[in-house]
2 protein chains.
Amino acid sequence: MQLHNTSQYAIRVLNFIANHSDDRLYSAKELSEILNIPYKFLTKIMGILVKTGFISSIQGREGGYELNTPASEIKLIDILNTFNDETDNESCVLGIGICDSVNKCALHDQWMEPKSLMRKMFEETTLNNLTCKDCKL
Amino acid sequence: MQLHNTSQYAIRVLNFIANHSDDRLYSAKELSEILNIPYKFLTKIMGILVKTGFISSIQGREGGYELNTPASEIKLIDILNTFNDETDNESCVLGIGICDSVNKCALHDQWMEPKSLMRKMFEETTLNNLTCKDCKL
DNA sequence: TTCAATTACTACTCAAAGGTAGAATTTAAA
DNA sequence: TTTAAATTCTACCTTTGAGTAGTAATTGAA
């Protein structure tokens, strides 16, 4: 029960860029070193984030990445969805198709509350709320 | 963000056995058909559940499986741990080692509440609480 | 005692996540 | 204009979860 590495990496990178947007551009090489993410894997993820529109890339020497939209508009759930980290509200925790109040699995009732809270958190948290000066990178 | 298939299957099988312990023995073939789990994969999982002590197997003709301990003593969290479905309380949601109040990741604060509820649920729910007559199998 | 229904064991395949390699392209600075 | 620092692209490798195949071992019933 945990997020995919790609989702974790993407959140950390986007958060870092959001917190340093005034600053200057950061390259994949720098991000890889600062965030301790394998360089080649990071560039692959950055490519996806560019294609899906989260960020823009500035190519060539002195290049790097910048957010396309304000940090306050980037929800964690959108990042998770990009990397197939389903938080689908209806899918059954025991894997038996769709779960709802009339068609329950054995764990449905107990799962409701933690699931809702978790989903709410990923839906309502933006890169903006995440900003945190003394945090691990 | 979801449970492994193996964990899902294991919970469903154990729950079914728990709900039919008075009854009679169910074989892997029957369980596979009733619960719609691939037979060969199920027998593999049953083997693990026997080795880890959740169930005992009765070999030979008319054989099958039965719980080793009362359903009220089998916690979901123990099943998850058996199949590497970590719900480790300290491990970081963003994958940066250990997370606690003095060593936070950027998502730590928001993650606390849903994580605690989820963990509490898996720790406190036993096969016994799960019993549910009108549920999907 | 035979036989069929059962679990147990070993080894394999398949798919997806995670990660790597190398070369092509872009571009600002020297 | 050259060059080095950057992104981009395509293809590959590795690991792990998911699932399959075949056969040996066990055992109650006929």
### Message
Looking at A:Tyr65, I'd like to know whether one of its side-chain N or O atoms comes within less than 4.0 Å of OP1 or OP2 on D:dT7.
### Response
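Answer is yes, contact under 4.0 Å.
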
### Message
Can you see if the side chain of B:Ser57 gets near the phosphate of C:dT6 - specifically, an N or O under 4.0 Å from OP1 or OP2?
### Response
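Answer no for this pair, as no side-chain N or O of B:Ser57 is under 4.0 Å from OP1 or OP2.
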
#### Entry: Closest-nucleotide 5' rank along DNA chain C - winner of B:Glu30 and A:Gly60
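By nearest-heavy-atom nucleotide position, the 5'-most residue is B:Glu30.
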
Integer-rounded Å distance: [N] [atom2] and [X] [atom1]:
X       : N      : atom1 : atom2 : result
A:Ile37 : C:dT20 : CD1   : C1'   : 16 Å
A:Asn84 : D:dG17 : CG    : C1'   : 16 Å
A:Arg61 : D:dT1  : CZ    : C1'   : 14 Å
A:Gln2  : C:dA17 : CD    : C1'   : 12 Å

### Task
State whether the number of non-hydrogen atoms from other residues, nucleotides or ligands found under 6.0 Å of A:Asp88 atom CG is greater than 12.
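Counting other residues, nucleotides and ligands, CG of A:Asp88 exceeds 12 neighbours.
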
### Query
Counting side-chain heavy atoms from C-beta on, which of D:dT27, D:dG28, C:dT20 comes nearest to B:Glu62?
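Output: D:dG28.
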
### Query
Does B:Arg12 make a cation-pi contact with B:Phe16, if we ask for NZ or CZ under 6.0 Å from the ring centre and within 45° of the axis?
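Pair B:Arg12/B:Phe16 does not count as cation-pi.
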
### Message
For a quick check, tell me whether the side chain of A:Lys40 and the base of C:dG18 share a donor-acceptor pair closer than 3.5 Å.
### Response
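Counting by modelled atom types and ignoring angles, no donor-acceptor contact under 3.5 Å is found here.
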
### Query
Considering only heavy atoms, which members of residues 42-52 of chain A lie under 4.0 Å from some atom of DNA chain C?
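Of all residues in residues 42-52 of chain A, the ones placing a heavy atom under 4.0 Å from DNA chain C are A:Lys44.
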
#### Entry: Residues touching DNA chain D, which here means a heavy atom under 4.0 Å, drawn from residues 3-19 of chain A
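Of all residues in residues 3-19 of chain A, none places a heavy atom under 4.0 Å from DNA chain D.
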
